Amino acid sequence: MKYKAVIGLEMHCELKSNSKVFSRSRNGYSKLPNSNVCPFDLGFPGTLPSLNKLSVKQAVMMSMVLNCKLPEYMLFDRKHYFYPDLPSSVQLTQNTLPVGTDGAIEIECGGRRQTVYIHDIHLEDDAAAMEHFEDTSVIDYNRSAAPLLELVTQPCLHSAEEAVAFLEHMRSAYKYCGTSEADTSKGQIRCDVNVSIMDEDASEFGTRVEIKNVNSFGNVYDAIKYEVRRQSELKAAGRYDEVVQETRRYDEESGTTQRMRSKENAVDYKYFPDPNIPRYRLTPEWVESIRKEIPRLALERKDLYTGNYGLSEYDASILVREKEISDYFEKCIELGMDPKEACNWITVNIIAYMNKNELTIDEVFLRPEHLYFITENVKKGTISSKQAKEVFFKVLEEKKEPSAFISKENAQISDEGELEGIIDGILAANPGEVEKFQAGKDKLFEFFVGQVMRQTRGKANPILTKELLHRKLGR
Amino acid sequence: MTYMEKSVEELHELLITGAVTPKELLEEALQKSHEIQEKYNAFITIVDQAEAGEVSEHVLSAIPYGAEDLYSTKGILTTGGSEALCDYVPFFHAAAVDRLEEAGAVLAGKTAMDEFGIGTTGTTGYTGEVRNPWDSSRICAGSGAGSACAVAAGVYPFALGTDTGDSIRKPAAYCGIVGYKPTYGMISRHGVFAGVSSMDHCGVFTRSVADAAIVVDAMKGTDIDDMTTWDTSDVHLRDALTGDLKGKKLCYVKELCDIANYPGADEQLKAHLANFMEKVEMLRAQGVQVDEVSVDRALLEAVPSVYLVIGAAEISSNLGGITGLIFGPRGEGRSWAELMKDYRTKHFGSLTQRKLVVGSYVLQDENQERYFRKAQRARRVIVDTWKELFRSYDAVIQPAGTGPAKHSDSALDPHTEGTEALEDAMLIGSFGGFPSITIPDGFVEGLPVGMNITGRIYEDEDLLNIAYGIEGMMDYKGRIAREVK
């Protein structure tokens, strides 16, 4: 491409908590409109904000994840605009003193590491959700006053790929920290994208266009691609003056961006500090205790897995995709399992089982302790690796401790030689039945299986037993 | 003397001994409400369907009271004095109303007021002008005109008000009663329509300092729904009233109170300030130290404009939610913006609209530094000046306003140049969130005037005790308004 793209992102992410950031109503996704609302959420006269301490904690945590500078105290500003999704016409946000400023975070894009610089991150409340029909609009206030963290990057990204990599990175960070479900399908992440282009060797940025309310990462990608192309084509055609500083919106259907309002019509939000929320001091002790709760994040874990444990880039990526899986893996290592072996069990067997049964790893009955027990038995020679796999599935199926299937008495007889001896004895003791079966009485097959089971008290490997019987009986 | 002209403690005694029943009290309050409504237009809603309370140990049990119509009342129309909310019935009580209900007090009326508590005259509410019970050609001042009128006229012993500038303390003075605004955050504002959030105070009109203490005792304290409330569990206002002023040091500001500041003063102002100085001498004679102090006049003169800028700014923000979409008679138009514009244009009074324009202007990005932030800094300097006074003095006293109640036709009032600072000096109590109380301290031209006493933040016990002591040296407690014409 002829021009360099300059991209800045604003990423809004809904936080996870029981109650909303400024009110007592439930904070949670609900399909039933207007079921999680209280007078404050509807802007009833005389209602006042009550700040949720958990939201502040989560905001501080994410500020630290982004290596931002923390303020001495929390301060909220009123941002004013008229729109039916904002019942009080006041959004409480942090304009003067955001919870984080001047941050930087390392991400990975296409196998390369790069640093993304953060302008600021601030805590605010969400507006209601609206749906527009031909001649009417409906409002769902469930989201009203729900906690929202908005982070603003510096204009330091240069492609749609980088932008999406950053968003993916942040989505993972939110999930790892447990601060948000970060589910775009529930509208929990929304983005504004700033795009401009410039000559490769230019020192000044071009004209910036803002694309508002892009609600999926796919759309972010497409919107950037489209907008860069649009601006580039105009510039190439000598019509760069047609690129004006304005706000556009992304139209999913046509895959294009369209003008919403020009800079001249920009809204003056008339920010001023909210008098209803007294300044809330962030004590160093509290901040430190929050810092201690930040888990190691995906990229760092990936480096550890490839660097220290010798896992492949691919396997490590699978393990860190979800924190719960990564935690499971790390627990296995902690118990003493070989990293590669643990990785194999998880990436090959457990994840397949999870997918098939639509379970999360925390819902899988087989815990790291179980996996460790099974592999230890292989190591001790109590069971073969083939048996280990059988025990693994037994544990999952019957939801019983693996010891139930491994202990000396209960261990399955899967030794071919041992079973062969038993079967030979049974066939020799029942010549009449053998003859009848061979003459065509199929039902008798189950009789022989039963005999083997009786003699082994059910421990004979049923598959192997049937295989051997077929072989010996000749059909 | 009718029952409703008595004090809370007297009524409690009568209820406990069975000399009067809760039903009799309520009936009298309602009947008087209707009479006063006829004469002075003091109510927006008279709660005829109210149920008589039950007598309990609580001194407020079964006592009827009124609340300014800015207080949300569950199931009872709450308009804030605005046509824009002329059909709004909240489904929750304001926290203060809740607490009074717990104490057993009986809400018998919603009183008239300036629209959204914005005005200072009691004449801008959508239900019309509230007239003064001492002289119906005069105003009660605002915004709490209806509450002041009702208490002064003997409808009930107390009524709730809100004080943002001097909306309790000025009407109290004009009506010859007590008006008390406690320290900011002492009473939860939850459910009280917001005006200027950084200066909005809940408070009360009564006919005695003791009653004011009792009512605020029942309403005060932390509330999960108002983050600016503070822990008052150690504050016991009524119990702290001893009337002992020994060792108390008071002061008044020369630049406000000295008649020499007003060359060409009219007779009324002269009488008003002379009355105040008489009371100063009375205090001194009783052994109370009262000093004259000096404050930069420029600072005092800045008070009205500082209030205008900050007040209008916050009002414009707080009224943003009154759009006619969720409540209020919905406007007409083809888009949401048209609906809102139509509704706000049609139903907001002209004073409110003026405040919205000013507020919006001073908050605009290009104007904010020049007006709003500058006003905030000036407010800080003024408050610090008063805090400095409180290092040496227990309270600052002053005459409330520039004289007795003004006429609704302002042309009938005398006017002396340069009195704006005195007229608005009680705003300083709101700027700093200081506890401040007005008590009646005499008559000028047959009409009541008041003395304002402002104390240190959080030291409401001390302030009320000073007021109680001064009240005890005079003979204006418990007066019921009588037409003087």
Side-chain angles (χ1 to χ4, degrees), chain A residues 19 22-25 34 37-53 56 74 76-92 95-96 128 130 132 135-139 141 144-145 266-280, chain B residues 70-72 78-80 82 85 88 90-92 94-95 116 184-185 188-194 196-200 223-230 310 313-314 316-323 325-327 336-337 339-341 344 359-368 372-373 376:
Chain A
S19 55
F22 297 124
S23 85
R24 286 198 261 166
S25 51
N34 299 309
V37 290
C38 72
F40 178 83
D41 307 344
L42 295 169
F44 270 60
T47 53
L48 302 165
S50 268
L51 181 59
N52 186 340
K53 193 174 177 186
V56 175
M74 290 295 270
F76 290 88
D77 296 285
R78 294 186 180 190
K79 174 181 177 175
H80 303 87
Y81 66 90
F82 286 101
Y83 195 67
D85 70 354
L86 191 66
S88 62
S89 302
V90 173
Q91 181 187 28
L92 290 167
N95 190 50
T96 318
M130 289 187 74
H132 305 284
D135 61 347
T136 183
S137 297
V138 291
I139 312 177
Y141 292 97
S144 178
V267 184
D268 181 348
Y269 292 117
K270 304 189 181 94
Y271 291 101
F272 74 88
D274 177 60
N276 289 321
I277 304 176
R279 291 175 181 208
Y280 187 89
Chain B
L70 279 179
Y71 285 79
S72 295
T78 303
T79 69
S82 178
L85 293 179
Y88 173 59
F91 64 92
F92 57 98
F116 295 121
Y184 185 78
S188 167
R189 289 174 290 130
H190 170 70
V192 179
F193 294 6
V196 185
S197 305
S198 68
M199 300 185 207
D200 284 346
D223 177 17
I224 188 173
D225 292 320
D226 180 354
M227 291 183 79
T228 63
T229 52
W230 48 280
I310 297 175
E314 291 194 31
S316 73
S317 168
N318 283 325
L319 291 189
I322 314 291
T323 58
L325 284 191
I326 300 188
F327 26 69
W336 61 266
L339 293 182
M340 287 184 191
K341 270 187 204 161
R344 288 165 70 91
S360 196
Y361 181 80
V362 300
L363 282 179
Q364 268 166 17
D365 204 27
E366 66 266 34
N367 302 329
Q368 208 179 102
F372 184 65
R373 297 210 195 109
Q376 282 185 312

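Letters A, B, ... are given to chains in the order of the sequence lines, protein chains preceding strands, and every chain is numbered from 1. Predicted model only: the values in this text are computed from it and were never measured.
- Inter-residue side-chain proximity for Phe327(B) and Pro45(A) is flagged as met; some heavy-atom pair is nearer than 4.5 Å.
- Closest approach of Met227(B) to Ile277(A), counting heavy atoms only: SD-CG2, 3.9 Å.
- Both the backbone and the side chain of Phe193(B) come within less than 4.5 Å of a heavy atom in chain A.
- For the residue pair Thr228(B) and Pro275(A), the shortest heavy atom distance occurs at CG2-O, 3.8 Å.
- Put simply, CG on Asp365(B) and OH on Tyr271(A) are 9.5 Å apart, with the number rounded to the nearest 0.5 Å.
- For the atom pair CG of Leu48(A) and OG1 of Thr229(B), the computed distance is 9.5 Å after rounding to the nearest 0.5 Å.
- With a 4.5 angstrom heavy-atom cutoff, Asp200(B) does not touch chain A via any of its atoms.
- Contact of Leu86(A) with chain B is not made at all, since no heavy-atom distance falls under 4.5 Å.
- Using cut-offs of 30° and 60° on the angle between ring planes, the pair Phe91(B) and Phe44(A) is perpendicular.
- Neither the backbone nor the side chain of Gln376(B) comes within less than 4.5 Å of any heavy atom in chain A.
- Among Arg373(B), Arg189(B), His190(B), Met199(B), the residue with the largest count of heavy-atom pairs under 4.5 Å with chain A is Arg189(B).
- Distance CG/Asn318(B) to CG/Asn276(A): 7.0 Å, rounded to 0.5 Å.
- Here the side chains of Lys270(A) and Ser360(B) are in contact, with some heavy-atom distance below 4.5 Å.
- The choice from Ser198(B), Ala337(B), Ser197(B) that makes the most heavy-atom pairs within less than 4.5 Å of chain A is Ser197(B).
- Rounded to the nearest 0.5 angstrom, Ser50(A) OG and Asp223(B) CG are separated by 7.5 Å.
- Your options are Gly191(B), Ala194(B), Pro90(B), Ala95(B), and the one with the most heavy-atom pairs under 4.5 Å with chain A is Gly191(B).
- In this structure, chain A has no heavy atom under 4.5 Å from any part of Leu339(B).
- At least one side-chain heavy atom of Phe82(A) sits under 4.5 Å from a side-chain heavy atom of Arg344(B).
- Here the OH atom belonging to Tyr83(A) is positioned 9.5 Å from the CE atom belonging to Met340(B), to the nearest 0.5 angstrom.
- Asp268(A) touches chain B through its side chain: at least one heavy atom from C-beta onward sits under 4.5 Å away, while N, CA, C and O do not.
- For Tyr184(B), the part sitting under 4.5 Å from any heavy atom of chain A is the side chain, from C-beta outward, and nothing else.
- Neither the backbone nor the side chain of Leu319(B) comes within contact range of chain A; no heavy atoms are under 4.5 Å apart.
- For Ile224(B), the parts sitting under 4.5 Å from any heavy atom of chain A are the backbone and the side chain alike.
- For a residue to count as touching a neighbouring chain, one of its non-hydrogen atoms must lie under 4.5 Å from one of that chain's; by this rule Phe22(A) does not touch chain B.
- Of the listed residues (Tyr88(B), Phe372(B), Tyr71(B)), the one with the most heavy-atom contacts under 4.5 Å to chain A is Tyr88(B).
- Ser23(A) meets the side-chain hydrogen bond (donor to acceptor under 3.5 Å, both in side chains) test with Ser25(A), Asp41(A); sequence neighbours excluded.
- Heavy atoms of Gln364(B) lying under 4.5 Å from chain A belong to its backbone as well as its side chain.
- Using a 4.5 Å cut-off between heavy atoms, Ser317(B) touches chain A through backbone and side chain atoms alike.
- In terms of heavy atoms, Asp225(B) sits closest to Arg24(A) at OD2-NH2, 2.7 Å.
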